[in-house]
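Letters A, B, ... are given to chains in the order of the sequence lines, protein chains preceding strands, and every chain is numbered from 1.
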Number of protein chains: 2
Amino acid sequence: MPQDITCLIVDDHEVVREGLRLSLSRASHIRVVGEASDGASAVALTERRRPNVVIMDVRMPGMDGLQATREITAKVPESAVLLFTAHNERSLLGRGLEAGARGYILKEAPHQTLLRAIEKVAEGEGYVDPALMPSFLNSRDKEDMLTAREREILQLLADGMSNVEVAGKLFISQETVKSHVRHILAKLEADTRTHAVAIALRESIID
Amino acid sequence: MPQDITCLIVDDHEVVREGLRLSLSRASHIRVVGEASDGASAVALTERRRPNVVIMDVRMPGMDGLQATREITAKVPESAVLLFTAHNERSLLGRGLEAGARGYILKEAPHQTLLRAIEKVAEGEGYVDPALMPSFLNSRDKEDMLTAREREILQLLADGMSNVEVAGKLFISQETVKSHVRHILAKLEADTRTHAVAIALRESIID
DNA sequence: GACCGGATCCCCCAAAAGGGGCAGGAATGA
DNA sequence: TCATTCCTGCCCCTTTTGGGGGATCCGGTC
């Protein structure tokens, strides 16, 4: 490697930022050039410092990691975003890659794996945590097979709306809503709308 | 303080353990005497090392932090458990204190606050993150007003069970289940069982 | 042009859910 | 002892949901 890899750390938990800094300080060819604790300042800092890699948490207050990733890949395409997130947010992988992330690694990964992932994405390659592969095909095409409209309706169901209320909100017929809900249940293999919402919340398909 | 405070770090994410170790290494009167990455080894290690304070994550694979806290307070009452968890799990505060935790601090807290919390619980006092106070009265008495039976039923609703199925599972009448569900809806101020499950999942009342 | 997926809407019908009131028994605690 | 809470069960009734069958229209794609 001709020169150091420059890194930006983005996480709302100070203890995680400290841990990352400590991990990365052990690697002589990696240099941390900044830290941010929310999406907006992450974007701003990336524009100024233009790091090789942005290590980005997904769940953050304010602008979340996915939105920040979209803005960074649009404004600073030479900075590679490496999503760094917790076990229970695995299904965000699909949306993360859509948003333009170059890599996705779990917080529970040992730090050697993290270093390898940073090197990979800095070289322009992709990196996805191997632990995600099994659940990838399961949960991913679960989420993916839902259309935008179906996700929208599922979100409203999670807020306790009945078919009639959803119909009113979306200016469509109640029969149409029923039709969509039937499709959602079939696709998620759920018995009831309640089950579908529970699945979707657990898989982070909706919020 | 006559002698060092001994600490045990429990978190399933290596990066968090590293961050904690780094934070605590800056405080000369605090000594880390062990690390665990799951509840079971946390209990075992606490019994062997008998630290003054156990810094415990709540969400962990296998035995979770709450169960580990219960076992530690039962077996090693002289070790104080300080729960250390993320923003979105605030409603766990009530159950954490019930489980015997001496303190509760958010991962987003600055490390000076963390040090103060460690000192407090080591001295035998309680510590609750001030940031939790506003949401305490809101979400806490939402969760708290649910009885154990109601939480149990709510959990089954989240798995997509109908009233009849819940009744079969719990060996009670369907009418009783309907009665419980009505109470759940009223207490959570939910319009439908789907809404109730969504609220409960978001507030971490159920999993 | 033919085809397909997505969104929209309609019918029918059985089952489930929701809302109201009521009440007995057990356990807890004032 | 009395009050309270919780779990349990039952009645009534209306509304909602879920499952099945269709249909039309539109924007892509082959």
Side-chain angles (χ1 to χ4, degrees), chain A residues 94-95 98 137 140-201 205-206, chain B residues 91 94-95 97-99 137 140-202 205-206:
Chain A
R95 270 181 291 169
E98 265 171 26
L137 291 174
R140 167 66 177 152
D141 54 10
K142 226 180 210 167
E143 170 184 1
D144 211 30
M145 65 200 324
L146 285 189
T147 67
R149 194 57 154 175
E150 286 163 351
R151 272 198 297 274
E152 189 180 8
I153 286 173
L154 192 51
Q155 179 69 60
L156 296 177
L157 296 186
D159 295 334
M161 290 194 184
S162 69
N163 292 336
V164 179
E165 289 169 325
V166 172
K169 175 116 183 173
L170 301 182
F171 302 106
I172 57 179
S173 150
Q174 185 211 354
E175 294 299 326
T176 306
V177 178
K178 289 181 66 174
S179 209
H180 284 305
V181 172
R182 250 180 286 128
H183 292 149
I184 292 170
L185 296 186
K187 287 180 177 180
L188 295 184
E189 297 175 275
D191 303 318
T192 64
R193 63 180 55 212
T194 304
H195 197 192
V197 165
I199 291 170
L201 283 172
I205 294 172
I206 57 173
Chain B
S91 65
R95 270 182 290 168
L97 298 181
E98 265 170 27
L137 291 174
R140 168 65 178 151
D141 53 13
K142 226 179 212 168
E143 169 186 2
D144 210 32
M145 62 198 330
L146 284 189
T147 67
R149 194 56 154 177
E150 286 163 349
R151 274 197 296 272
E152 189 180 6
I153 287 173
L154 192 50
Q155 180 70 60
L156 297 177
L157 296 187
D159 295 333
M161 290 195 185
S162 68
N163 291 336
V164 179
E165 289 169 325
V166 171
K169 176 117 184 169
L170 300 182
F171 303 104
I172 57 179
S173 152
Q174 186 210 356
E175 294 299 326
T176 305
V177 177
K178 290 180 67 174
S179 214
H180 284 304
V181 172
R182 250 180 285 130
H183 293 150
I184 292 169
L185 297 186
K187 287 180 177 178
L188 295 184
E189 296 175 273
D191 303 318
T192 64
R193 64 176 56 210
T194 303
H195 196 192
V197 165
I199 292 171
L201 283 172
R202 289 177 181 139
I205 294 173
I206 58 174

Calculate, to the nearest 0.5 Å, the distance between atoms [atom1] and [atom2] belonging to [X] and [Y] respectively.
| X | Y | atom1 | atom2 | result |
| --- | --- | --- | --- | --- |
| T194(B) | H195(A) | OG1 | NE2 | 11.5 Å |
| D159(B) | D191(A) | CG | CG | 10.0 Å |
| Q155(B) | E150(B) | CD | CD | 14.5 Å |

Atom [atom1] of [X] and atom [atom2] of [N]: how far apart are they, to the nearest Å?
| X | N | atom1 | atom2 | answer |
| --- | --- | --- | --- | --- |
| L170(A) | dT8(C) | CG | C1' | 12 Å |
| I172(A) | dG6(C) | CD1 | P | 16 Å |
| L154(A) | dG18(D) | CG | P | 12 Å |
| E165(A) | dT15(D) | CD | P | 14 Å |
| H195(B) | dT17(D) | NE2 | C1' | 18 Å |
| R151(B) | dC6(D) | CZ | C1' | 13 Å |
| H180(B) | dC6(D) | NE2 | C1' | 8 Å |
| L156(A) | dT16(D) | CG | P | 16 Å |

>> Taking 4.0 Å as the cut-off, does a side-chain nitrogen or oxygen of T147(B) come that near to OP1 or OP2 on dT5(D)?
In response: no
> Does L146(B) offer a backbone N or O that forms a donor-acceptor pair with the side chain of R151(B) under 3.5 Å?
Replying inline: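 Side chain of R151(B) to backbone of L146(B): a pair is present.
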>> For K187(A) and T147(A): C-alpha separation, side-chain torsions, deciding distance, then whether side chain to side chain contact (heavy atoms under 4.5 Å, CB included) applies.
In response: CA-CA 10 Å; K187(A) 287 180 177 180; T147(A) 67; 3.9 Å; yes
>> Looking at every heavy atom in both E165(A) and M161(A), which two are closest together, and how far apart are they?
In response: OE1-CA, 3.1 Å
Find every protein N or O atom lying less than 3.5 Å from an N or O atom of nucleotides 13-20 of chain C, and list the pairs.
| from | atom 1 | to | atom 2 | distance (Å) |
| --- | --- | --- | --- | --- |
| dA17(C) | OP1 | R193(B) | NH1 | 3.3 |
| dA17(C) | OP2 | N163(B) | N | 3.0 |
| dA17(C) | OP2 | N163(B) | ND2 | 3.2 |
| dG18(C) | OP1 | R193(B) | N | 2.9 |
| dG18(C) | OP2 | R193(B) | NE | 2.8 |
| dG18(C) | OP2 | R193(B) | NH2 | 3.1 |
| dG18(C) | O6 | K178(B) | NZ | 2.7 |
| dG20(C) | O6 | R182(B) | NH2 | 3.1 |

> Base, sugar-phosphate, or nothing: which does T176(A) touch, judged by heavy atoms less than 4.0 Å apart?
Replying inline: base
> Got a donor-acceptor pair under 3.5 Å from the side chain of S179(B) to the base of dC10(D)?
Replying inline: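 No such pair is found, so the answer is no.
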> Which of these, E175(B), Q174(B), R193(B), K178(B), sits in a side-chain hydrogen bond (donor to acceptor under 3.5 Å, both in side chains) with N163(B)?
Replying inline: R193(B)
